[in-house]
*Asks:* 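Sharing a structure below in structure tokens format, with a few things to ask.
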Amino acid sequence: MGSHTRLIAVAVLCSACGGGGGVSPTAPTPVSPQKTITSFSTNASKTTLAIGQQATLTATAIYTDGTSAQIPQIDTTGVEWVSNDVSVAGIEPGQNPSDGWNQVRAKAPGTTTITAAYGRQTASISITVTQTETVVGWIGNLLQEGWIENAVVRIGNTAAVTSDADGRFSVAVEQTGIFPVVIQANGFHTSESEIEVQSSLTIARRNLLTTNTDYFDLAFFDHVFRDKGTRGTRRWVATPTVEIWTKEMKCVETDDGGKHCRKFEATDIAAPSEFETTIRSVVGSDIPSLTGDVISGISITTKDHAAGTILERDSCGQPNKIKVAYMTAGATDFSGRYSYAASCSYSSGEMVGSEVHMAWTDDVGTYRHELAHTLGWSHPDGYDSIPRPSVMNLDAIITAWDTKHGKVLYRRAAGSTSPDKDPSGKTINDLQALPWTSRMRPKLHQNWPALASGRGRFRGPLIAWIEN
């Protein structure tokens with residue numbers, strides 16, 4: 001008999017399959033290879049900190065698929081920040097999650113490298129902590145009594161601070177060096193100078209100039225001491241010696257239409273006794289009065305030239321000296337009507353020397369006038385143009401305007417410009433005050449001139465001029 005094969009059909013029901021009104025199954029999602037870190041780096045919101053400042057540290061991971069993540073997106077518990085020298089740099093890390101584990105605060109000066117470790121990856125960044133210096137100073141009134149409250153002091157880019165009722169201010173500066181300082185107060189001219197911030201406590205002082213013209217007249221000051229505001233002031237920065245020539249000088253050659261004697265000869269005739277007596281009186285009393293006693297105790301010497309000695313006018317040749325001669329016309333056109341002061345200074349304003357030629361003895365005002373020229377006074381538009389009564393007028397009487405404004409002249413740096421700006425290289429550091437504690441006040445009457453900073457300054461070429 002033949003055999004038979006039987007087919008058995010088996011139906012598989014799938015509720016998730018499609019077709020026949022059913023639901024088709026979804027293909028499984030492919031599994032991607034595990035992504036890995038290709039690079040790891042760190043950054044800081046600030047890499048230079050002053051003491052007390054804080055920085056945020058950031059770690060960034062870049063993965064094989066091109067994506068990146070930063071703290072705190074990546075697992076912050078897996079990132080460890082390690083400093084190579086925490087104690088030296090004074091870096092204090094965040095102490096708890098609320099502070100931020102990736103926050104650091106500067107505690108002491110130094111430089112450290114901080115490393116972030118994440119898995120097998122590491123990256124480092126250096127942070128430098130600078131010393132915060134303290135400047136303590138006082139703001140006073142130069143011509144009136146009292147300290148100035150609410151004066152605004154700005155040092156470099158440091159935020160402004162305000163003086164208290166004692167005129168005192170205190171401000172932290174992030175680094176040492178020389179910085180511009182601007183001081184403003186209601187009722188006073190803006191003051192501009194520099195300050196040298198030192199690695200220890202820095203003491204400063206500035207006495208401002210009032211805008212009250214009963215005490216200080218800027219128009220008068222600029223006219224008499226700054227050639228109507230066209231240049232900086234000129235004054236002595238060291239006490240000069242006055243040298244009186246004991247013989248009459250006979251003019252040999254003139255210039256400026258016979259007004260001034262350029263070359264002269266010593267005679268064998270003694271200068272009139274009134275000549276020397278008057279000079280000594282003016283030097284001993286009037287010069288200190290005109291300079292607020294900054295120039296006082298001047299040494300007075302005499303010089304006896306041999307008859308026939310030929311000399312030429314030379315105000316620059318003997319530094320730190322005011323030479324005074326009694327001049328006669330001789331055979332020249334020098335009429336003897338003129339007395340004058342030939343002076344010499346650096347272009348930066350520091351006086352070098354002067355030579356005064358007197359042509360008569362019977363007018364003490366003329367001696368005061370000419371010696372005032374040697375101290376920094378001038379009359380650029382003549383005797384009758386001075387904004388206030390002054391020794392520069394024709395009657396040559398020393399007035400309160402001269403003494404008050406001369407005090408300002410000699411308590412500001414040579415070369416100061418309008419309204420109250422010191423030349424570069426001068427500072428308001430008060431070296432006299434360095435032994436004080438920071439809470440002590442200076443004596444109000446001690447108005448020290450602006451000081452030269454340690455870097456020196458360019459004084460410029462010599463300038464010579466003559467004033468009648």
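Below, each value reflects all heavy atoms present in this structure, side chains not excepted, and no hydrogens, waters or symmetry copies. Predicted, not measured: the structure shown is a model, and the values here were computed from it.
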*Asks:* Cation-pi check for Trp138 against Arg205: NZ or CZ below 6.0 Å from the six-membered ring centre and within 45 degrees of the axis, yes or no?
*Replies:* no
*Asks:* Establish, yes or no, whether the cationic atom of Arg234 lies under 6.0 Å from the six-membered ring centre of Trp465 and within 45° of the ring axis.
*Replies:* yes
*Asks:* Within the distance-only criterion (no hydrogens, no angle test), does the side chain of Glu194 pair as donor or acceptor with the backbone N or O of Gly425 below 3.5 angstrom?
*Replies:* yes
*Asks:* Verify the distance criterion only: is there a donor paired with an acceptor across the side chains of Thr113 and Ser126 at less than 3.5 Å?
*Replies:* yes
*Asks:* Is any side-chain N of the basic residue among Lys228 and Asp381 closer than 4.0 Å to the acidic one's carboxylate O?
*Replies:* yes
*Asks:* Verify, without hydrogens or angle tests, whether Arg235 (side chain) and Arg411 (backbone) share a donor-acceptor contact under 3.5 angstrom.
*Replies:* no
*Asks:* OG of Ser193 to CD1 of Ile183: how many Å apart, nearest 0.5 Å?
*Replies:* 8.0 Å
*Asks:* Does Asp164 pair with Arg168 as a salt bridge, N-O distance under 4.0 Å?
*Replies:* no
*Asks:* Does the side chain of Thr128 come within less than 4.5 Å of Thr47's, by heavy atoms?
*Replies:* no
*Asks:* Can you give me every donor-acceptor pair (side chain of residues 237-251, partner residue at least two apart or in another chain, under 3.5 Å) with its distance?
*Replies:*
unit_1	atom_1	unit_2	atom_2	d
Glu243	OE1	Lys321	NZ	3.0
Glu243	OE2	Trp245	NE1	2.8
Thr246	OG1	Lys303	O	3.3
Thr246	OG1	Asp304	OD1	3.0
Lys247	NZ	Asp304	OD1	3.2

*Asks:* Taking Arg262 first and then Asp255, would you say they form a salt bridge - that is, a charged N and a carboxylate O separated by under 4.0 Å?
*Replies:* no
*Asks:* Are there over 12 heavy-atom neighbours, none belonging to Lys404, within less than 6.0 Å of that residue's NZ?
*Replies:* yes
*Asks:* Once the angle between the rings of Phe220 and Trp401 is folded into 0 to 90°, is it parallel (under 30°), tilted (30 to 60°) or perpendicular (over 60°)?
*Replies:* tilted
*Asks:* Using only heavy-atom distances, determine whether the side chains of Thr399 and Asp402 contain a donor-acceptor pair under 3.5 Å.
*Replies:* yes
*Asks:* Stepwise, does the side-chain hydrogen bond (donor to acceptor under 3.5 Å, both in side chains) test hold for Thr190 with Glu192?
*Replies:* CA-CA 7 Å; Thr190 297; Glu192 297 181 62; over 6 Å; no
*Asks:* For the side chain of Thr403 and the backbone of Ala400, is there at least one donor-acceptor N/O pair under 3.5 Å apart?
*Replies:* yes
*Asks:* Considering only heavy atoms from C-beta outward, does the side chain of Thr278 approach that of Thr361 to under 4.5 Å?
*Replies:* no
*Asks:* Distance-only, no hydrogens or angles: does the Ser296 side chain make a donor-acceptor pair with backbone N or O of Pro288 under 3.5 Å?
*Replies:* no
*Asks:* Taking the side chain from Ser285 and the backbone from Ser281, do they hold a donor-acceptor pair closer than 3.5 Å?
*Replies:* yes
*Asks:* Apply side chain to side chain contact (heavy atoms under 4.5 Å, CB included) to residues Leu371 and Ile322 and explain how you reach the verdict.
*Replies:* CA-CA 9 Å; Leu371 285 169; Ile322 300 173; 4.3 Å; yes
*Asks:* State, with a plain yes or no, whether a side-chain heavy atom of Thr162 is found less than 4.5 Å away from one of Glu149.
*Replies:* no
*Asks:* Do the ring centers of His369 and His379 come within less than 6.0 Å of each other?
*Replies:* yes
*Asks:* What residue among Asp420, Thr417, Thr233 forms side chain to side chain donor-acceptor pair (under 3.5 Å) with Arg412?
*Replies:* Asp420
*Asks:* What is the distance from atom CD1 of Ile279 to atom OH of Tyr367, rounded to the nearest 0.5 Å?
*Replies:* 5.5 Å
*Asks:* Checking Asn141 against Phe188 for the side chain to side chain contact (heavy atoms under 4.5 Å, CB included) test, could you report, in this order, the C-alpha distance in whole Å, the side-chain angles of both residues, the deciding distance, and whether it holds?
*Replies:* CA-CA 9 Å; Asn141 188 328; Phe188 294 87; 3.4 Å; yes
*Asks:* Hey, could you give me the CD1/OG1 distance between Ile148 and Thr210, rounded to the nearest 0.5 Å?
*Replies:* 8.0 Å
*Asks:* Mind running side chain to side chain contact (heavy atoms under 4.5 Å, CB included) on Trp236 and Asn320 for me, showing each step along the way?
*Replies:* CA-CA 8 Å; Trp236 294 97; Asn320 215 41; 3.8 Å; yes
*Asks:* Atom OH of Tyr215 and atom CG of Leu143: how far apart are they, to the nearest 0.5 Å?
*Replies:* 9.5 Å
*Asks:* Give the minimum heavy-atom separation between Leu57 and Ala44, together with the two atoms involved.
*Replies:* CD2-CB, 3.9 Å
*Asks:* Between Leu218 and Ser418, is there a side-chain heavy-atom distance shorter than 4.5 Å?
*Replies:* yes
*Asks:* So His357 and Phe264, ring-ring contact (aromatic ring centres under 6.0 Å, His included) or not? Walk me through it.
*Replies:* CA-CA 11 Å; His357 292 176; Phe264 40 94; 5.1 Å; yes
*Asks:* I'd like to check Ile287 versus Ile298 (side-chain heavy atoms, cut-off strictly below 4.5 Å). Are they in contact?
*Replies:* yes
*Asks:* Asp217 and Arg388: which non-hydrogen atoms are nearest, and at how many Å?
*Replies:* OD2-NE, 2.7 Å
*Asks:* For Asn429 and Glu196, indicate whether the former's side chain and the latter's backbone hold a donor-acceptor pair under 3.5 Å.
*Replies:* yes
*Asks:* Kindly compute the distance separating CZ (Arg206) from OG (Ser191), expressed to the nearest 0.5 Å.
*Replies:* 3.5 Å
*Asks:* Passes side-chain hydrogen bond (donor to acceptor under 3.5 Å, both in side chains), Trp360 versus Thr366? Steps please.
*Replies:* CA-CA 9 Å; Trp360 53 62; Thr366 302; 3.2 Å; yes
*Asks:* Do His223 and Pro380 have side chains that get closer than 4.5 Å, going by heavy atoms?
*Replies:* yes
*Asks:* For the residue pair Ser416 and Asp422, confirm or rule out a side-chain donor-acceptor distance under 3.5 Å.
*Replies:* no
*Asks:* Going from CD1 on Ile386 to CG on Asn393, what distance comes out if it is rounded to the nearest 0.5 angstrom?
*Replies:* 5.5 Å
*Asks:* Between Thr309 (side chain) and His305 (backbone), is there a donor-acceptor pair under 3.5 Å?
*Replies:* no
*Asks:* Taking all non-hydrogen atoms of both residues, which atom of Val181 and which atom of Ile195 are closest, and how far apart?
*Replies:* CG1-N, 4.2 Å
*Asks:* Which heavy-atom pair separates Leu375 from Tyr410 by the least distance, and what is that distance?
*Replies:* O-OH, 2.8 Å
*Asks:* Could you tell me if Asn43 and Thr58 have a donor-acceptor pair between their side chains, going purely by distance under 3.5 Å?
*Replies:* no
*Asks:* Is the distance between the ring centroids of Phe225 and His405 less than 6.0 Å?
*Replies:* no
*Asks:* Mark yes or no for whether Thr202, through its side chain, and Gln198, through its backbone, hold a donor-acceptor pair below 3.5 Å.
*Replies:* yes
*Asks:* Side chains of Glu276 and Thr302: any donor to acceptor distance under 3.5 Å?
*Replies:* no
*Asks:* Verify, without hydrogens or angle tests, whether Lys259 (side chain) and Ser339 (backbone) share a donor-acceptor contact under 3.5 angstrom.
*Replies:* no
*Asks:* Determine yes or no for a side-chain-to-main-chain donor-acceptor pair under 3.5 angstrom, with Ser163 supplying the side chain and Asn150 the backbone.
*Replies:* yes
*Asks:* Can you check side chain to side chain contact (heavy atoms under 4.5 Å, CB included) on Val408 and Phe216, steps first, answer last?
*Replies:* CA-CA 9 Å; Val408 174; Phe216 179 75; 4.1 Å; yes
*Asks:* Measuring centre to centre across the rings, with the benzene-like ring taken for any Trp, is His189 within less than 6.0 Å of Phe221?
*Replies:* no
*Asks:* Grab the two heavy atoms, one from Phe179 and one from Val197, that are nearest each other, plus how far apart they are.
*Replies:* CD1-CG2, 3.7 Å
*Asks:* Under 3.5 Å, is there a donor-acceptor pair linking the side chains of Ser343 and Ser354?
*Replies:* yes
*Asks:* Show the nearest heavy-atom pair for residues Ser170 and Thr134, with the distance to one decimal.
*Replies:* OG-CG2, 3.7 Å
